[in-house]
Amino acid sequence: SIGVRWKDPGDGVAEVGYWVAADARGTGVCTRALGLVARWVLTRPGMARLELRAAEENVASQRVAEKAGFSREGVLRQRLEVKGRRSDCVIFSLLPADLARGE
């Protein structure tokens, strides 16, 4: 499953999130889907930035982001609630110019 949420349609920023069933993990399907969705989002008129957040302990999700060309920007402290407790998350971004570098 992969989804995109436009934060504010007028400011050109969207956020993407994904989830992969256990039996499909490690096959590259998520990285491929993320790359396709990112290209679709960032080639739309007016789009400036695609963001992605991953729980700090979710290393697999962070690897997917990096393999799809996203840049790690930093850690948002206590930003997510995971299993009833606050957790840090890593924020990543992809810009339209990054798409050209990945081709």
Side-chain angles (χ1 to χ4, degrees):
S1 173
I2 190 164
V4 176
R5 179 177 67 92
W6 273 258
K7 290 188 167 195
D8 177 352
D11 78 356
V13 178
E15 182 175 7
V16 64
Y18 44 86
W19 181 86
V20 178
D23 61 341
R25 293 179 187 151
T27 65
V29 68
C30 192
T31 301
R32 176 78 174 130
L34 180 58
L36 291 169
V37 168
R39 178 168 296 285
W40 175 76
V41 169
L42 291 173
T43 57
R44 297 173 65 84
M47 289 307 300
R49 176 182 174 88
L50 183 58
E51 296 178 347
L52 184 156
R53 290 181 289 169
E56 193 169 43
E57 60 271 10
N58 190 343
V59 176
S61 189
Q62 293 177 49
R63 281 193 201 121
V64 167
E66 291 167 344
K67 286 179 184 177
F70 282 73
S71 295
R72 180 184 170 119
E73 292 187 334
V75 174
L76 301 174
R77 298 170 53 212
Q78 304 294 295
R79 179 61 180 87
L80 298 175
E81 186 172 329
V82 178
K83 297 180 182 175
R85 68 174 183 83
R86 299 305 300 181
S87 179
D88 295 349
C89 75
V90 181
I91 187 161
F92 293 85
S93 70
L94 190 69
L95 308 178
D98 298 334
L99 295 176
R101 285 197 292 270
E103 294 178 345

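Residue indices begin at 1 and follow the sequence shown.
Taking the side chain as every heavy atom from C-beta outward, F70 and L50 approach each other to under 4.5 Å. Contact check for R39 versus L99: side-chain heavy atoms found under the 4.5 Å cut-off. Looking at heavy atoms from C-beta onward, S61 lies in side-chain contact with Y18 at the 4.5 angstrom threshold. Inter-residue side-chain proximity for V16 and L34 is flagged as met; some heavy-atom pair is nearer than 4.5 Å. With a 4.5 Å cut-off on side-chain heavy atoms, L52 and I91 do not count as touching. Looking only at side-chain heavy atoms (C-beta outward), S87 and E57 come within less than 4.5 Å of each other. Counting heavy atoms from C-beta on, the side chains of R44 and W6 come closer than 4.5 Å.
With rounding to the nearest 0.5 angstrom, the SG atom of C89 is 11.0 Å from the CG atom of N58. Between the SG atom in C30 and the NZ atom in K67 there is a gap of 10.5 Å [rounded to 0.5 Å]. Atom NZ in K7 sits 8.5 Å away from atom CG in D11 (nearest 0.5 Å).
Between E66 and R72, none of the side-chain N atoms (NZ, or NE/NH1/NH2) sits under 4.0 Å from a carboxylate O, so this pair counts as no salt bridge. Salt-bridge annotation for R49 and E15: absent, with no side-chain N of the basic residue lying under 4.0 Å from a carboxylate O of the acidic one.
In plain terms, the two heavy atoms of A14 and V4 that are nearest each other are CB-CG1, 3.9 Å.
Side chain to side chain, S93 and E51 fail the donor-acceptor criterion of an N or O pair below 3.5 Å.
In this structure, the side chain of E56 does not engage the main chain of V75 through any donor-acceptor pair within 3.5 Å.
Within a 6.0 Å sphere centred on CZ of R77, heavy atoms belonging to other residues, nucleotides or ligands number 12 at most. Within a 6.0 Å sphere centred on CZ of R53, other residues, nucleotides and ligands contribute more than 12 heavy atoms.
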